[in-house]
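The chains referred to below are lettered A, B, ... by the order of the sequence lines, with proteins before strands, and numbering in each begins at 1.
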2 protein chains.
Amino acid sequence: MALGRPRAFDIDTALNRALEVFWSKGFDGASLTDLTEAMGISRPSLYAAFGNKEDLFRKALDRYKTEKMAYINEALAAPTARTLAERLLFGAATMLTDPSHPVGCLSVKGAMTCKDDSLIAREELDQLRCSFETAIIERLTRAIADGDLPPDSNPLVLQRFLGTVAMGMSLQASQGATAADLMAVARMALTAWPALR
Amino acid sequence: MALGRPRAFDIDTALNRALEVFWSKGFDGASLTDLTEAMGISRPSLYAAFGNKEDLFRKALDRYKTEKMAYINEALAAPTARTLAERLLFGAATMLTDPSHPVGCLSVKGAMTCKDDSLIAREELDQLRCSFETAIIERLTRAIADGDLPPDSNPLVLQRFLGTVAMGMSLQASQGATAADLMAVARMALTAWPALR
DNA sequence: ACACTTATGTACCGTTTGGTATGAATGTAG
DNA sequence: CTACATTCATACCAAACGGTACATAAGTGT
């Protein structure tokens, strides 16, 4: 049986290029022309290999999640709640300013730059964020049970604080803040973390 | 001398409608059709009264700055650095979730949803943010001189912390956080504020 | 009543958007 | 060498984008 003409580009590196474009321009800001030029392929090749623009974004987001948000899972595996908070904020500070890729956070940029209509990608983003949030909340409630946090702590508030600082750091990075700048913010934010005494 | 045909719409309420559209959809996300429909006027009327889309955005941003970011100036007038931080974060929490207008911050949304090319509005946004930042930094350095903050405090770090939390709260609001949610975050953030001892 | 100035409604401009039809090119299996 | 399956490049599509030309309508000053 014939297998057909082999594709002339590496589907994996092409997806990486697409990820970079979405990352720096957002979903709506990234045009098909932007994408195909960065990926080095033609429009029909893109559609044959990845579906449509939304599908491509989803696949890029998937790669982003597993490769660039790994620090969140590492934070979730921390032995104590305090270490979780440290790994989360310091990890965000380094990742958001890593010069090897666009600054800021794709999920933040993506959520802001997509029209309300006709965007299933938005659900994907909400779901991604939501899953991390609940994981952190569960980890923090377990920390209270372990005597790892004061019994009167509120896991929802603690999580929302961490999320707020992390998202804020994403915007700061987009506006030119350096890794050192964000580290200082992270250190100060950790000052607010409840002590066991 | 003839004065010409009077315009059939109130230029002030029309600008308010435009502000709401830009606020909820961003700069690129707000199409001319979106704007004219919300403003209840035709395209030529819009261009005759406001210039072009960028000019309209600038005027809407101007109104936003004077009306909706007033709490920042009130915070700058606070007697102590601590009160400044409180007014800033609590003010942001209430403003960002005020049900009488779109949630979140126009300057955050605007900065995220504009293409790099052909956007002088971006400069306007950067300049606006920058002016508030330097004002806060100057106020905080004065606070150190006044003995209002510990002498080893770093005004740049303190400002960046406040800005990070405020911007993070804007994103939280966009994702559905309530005023109470943001108030809790603000209270926790203020825990990190340096005490005089 | 007239001239003049400005606003309005319609209909249009060129460009860019996401997405495709189509035929030639390129590989493998028989 | 031939048949087949798939990708490739070109050229195109309808729709939406920001912006405008043009004729008409609606006022005011003389």
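Candidate nucleotides D/dG19, C/dT10, C/dA29 were compared by shortest atom distance to the side chain of B/Pro44, and C/dT10 ranks first.
At whole-Å resolution of the value, CG in A/Asp28 and P in D/dA16 are 15 Å apart. As a whole-Å value, the separation of B/Leu3 CG from D/dT30 P is 10 Å. When rounded to the nearest whole Å, the span between CG of B/Leu32 and P of C/dT10 equals 17 Å. Counting to the nearest Å, the C1' atom of C/dT15 and the NZ atom of B/Lys115 are 13 Å from each other. When rounded to the nearest whole Å, the span between CG of B/Asp34 and P of D/dG19 equals 14 Å. If you measure from atom CG of A/Leu56 to atom C1' of C/dG19, you get 14 Å, rounded to the nearest angstrom. Between the NZ atom of B/Lys53 and the C1' atom of C/dT16 there is a distance of 13 Å, rounded to whole Å. Note: OH (B/Tyr47) to C1' (D/dC17) measures 10 Å, nearest angstrom.
Listed for the B/Thr191 side chain is a donor-acceptor partner under 3.5 Å among the backbone atoms of B/Arg187.
Residue contacts shown for A/Ala8 are limited to sugar-phosphate atoms, with no base heavy atom under 4.0 Å away.
Side-chain N/O atoms of B/Arg43 and base N/O atoms of D/dG18 include a donor-acceptor pair closer than 3.5 Å.
A donor atom on one side chain and an acceptor atom on the other are found under 3.5 Å apart for B/Ser31 and B/Asp34.
Taking 4.0 angstrom as the limit, B/Ser31 places none of its side-chain polar atoms (N or O) nearer than this to OP1 or OP2 of D/dA16. Put simply, B/Arg7 has a side-chain N or O that comes within less than 4.0 Å of OP1 or OP2 on C/dA7. At D/dT7, none of the side-chain N or O atoms of A/Ser45 fall inside 4.0 Å of OP1 or OP2 (strictly under the cut-off). Regarding contacts with the backbone of D/dC8, every side-chain N or O of A/Ser42 stays at 4.0 angstrom or more from both OP1 and OP2.
Of the two residues near DNA chain D, B/Arg5 and B/Gly51, the one whose nearest nucleotide lies more 5' is B/Gly51. Place B/Ala30 and A/Phe9 on DNA chain D by their nearest nucleotides, and A/Phe9 ends up nearer the 5' end.
In this structure, CG on A/Leu46 lies 6.5 Å from CG on A/Leu32, to the nearest 0.5 angstrom.
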- Message: Using the rule given for salt bridge (Lys or Arg N to Asp or Glu O under 4.0 Å), can you reason through B/Arg129 versus B/Asp126, listing the C-alpha separation, both sets of side-chain angles and the distance that settles it, and then say yes or no?
- Response: CA-CA 5 Å; B/Arg129 179 178 46 82; B/Asp126 286 354; 3.4 Å; yes

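For the side chain to side chain contact (heavy atoms under 4.5 Å, CB included) with A/Leu89, the lone residue among A/Val165, A/Leu84, A/Leu182, A/Val185 that qualifies is A/Val165.
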